Structures are given as structure tokens and as C-alpha cells.
Amino acid sequence: MQKRLTRLLMLFIVLISFSSCSIIEGIFKAGVGVGIFIVVAVIAIIIFIISKIFGKK
């Protein structure tokens, strides 16, 4: 029983110590990084396809 109470108390302290704004900020920073990667990948694929189409002369 004491062990369970200690775990719940530690979880509560951790949850209070994190600000919800900082958690949301981290999620959006990760989202921006993934979004930039996807845009660069799509542009690279489009350039590759265009070079294959117009490169066969």
C-alpha cells in the first residue's frame, strides 16, 4: 500500500512540474520538423519525376 501511494505521489509531482504550454510547444516543434521533412521529400520526388520525363532524349 505504501509503495502504491509513493508511486501516485511521484506521478502527481511529475505532472504538476510540467507546464501544459511546454508540452504543447514540444509537440508543435516536432510537428514542424516532420512537416518540413515531408515537404522537402515531396519536392525531391517531383524533381526526380520531372528529370526522368524530360531526360529521355
Side-chain angles (χ1 to χ4, degrees):
M1 182 70 179
Q2 182 69 23
K3 200 174 196 180
R4 183 174 181 188
L5 183 61
T6 304
R7 285 184 181 176
L8 288 175
L9 183 61
M10 291 297 288
L11 178 64
F12 184 69
I13 290 171
V14 168
L15 288 176
I16 289 178
S17 68
F18 286 124
S19 170
S20 62
C21 291
S22 66
I23 293 172
I24 298 299
E25 179 185 3
I27 291 171
F28 278 113
K29 281 184 181 178
V32 168
V34 171
I36 290 172
F37 174 75
I38 290 173
V39 168
V40 169
V42 168
I43 290 172
I45 291 171
I46 291 171
I47 291 172
F48 176 75
I49 291 172
I50 290 173
S51 71
K52 286 293 184 180
I53 291 172
F54 293 113
K56 294 182 178 182
K57 290 186 176 182

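Please read these numbers as outputs of a predicted model, since none were measured by experiment.
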**Complete:** So the salt bridge (charged side-chain N to carboxylate O under 4.0 Å, His left out) pairs with at least one residue in residues 38-50 (sequence neighbours excluded) are none
**Request:** Check which hydrophobic residues are tied to Ile47 through side-chain heavy-atom contacts below 4.5 Å, counting indirect links as well, and list them.
**Result:** Val39, Ile43
**Message:** I need the full list of side-chain hydrogen bond (donor to acceptor under 3.5 Å, both in side chains) pairs touching residues 26-47, with sequence neighbours left out, sorted by first then second residue.
**Reply:** Glu25-Lys29
**Item:** Inter- and intrachain pairs under side-chain hydrogen bond (donor to acceptor under 3.5 Å, both in side chains), touching residues 39-48, at least two apart
**Value:** none
**Asked** Taking ILVMFWY side chains as joined if any heavy atoms are under 4.5 angstrom apart, and letting links pass through other members, which residues group with Leu5?
**Response** none
**Prompt:** To which residues is Leu8 joined in a hydrophobic cluster, defined by side-chain heavy-atom contacts under 4.5 Å among Ile, Leu, Val, Met, Phe, Trp and Tyr, whether direct or through other members?
**Reply:** none
**Request:** Using the test side chain to side chain contact (heavy atoms under 4.5 Å, CB included), find all partners of Ile50 that sit at least two apart in sequence or belong to another chain.
**Result:** Ile46, Phe54
**Complete:** Residue pairs passing the side-chain hydrogen bond (donor to acceptor under 3.5 Å, both in side chains) test with at least one member in residues 37-48, sequence neighbours excluded, are none
**Request:** Just jot down the side chain to side chain contact (heavy atoms under 4.5 Å, CB included) partners of Val34, sequence neighbours excluded, or say none.
**Result:** Ile38
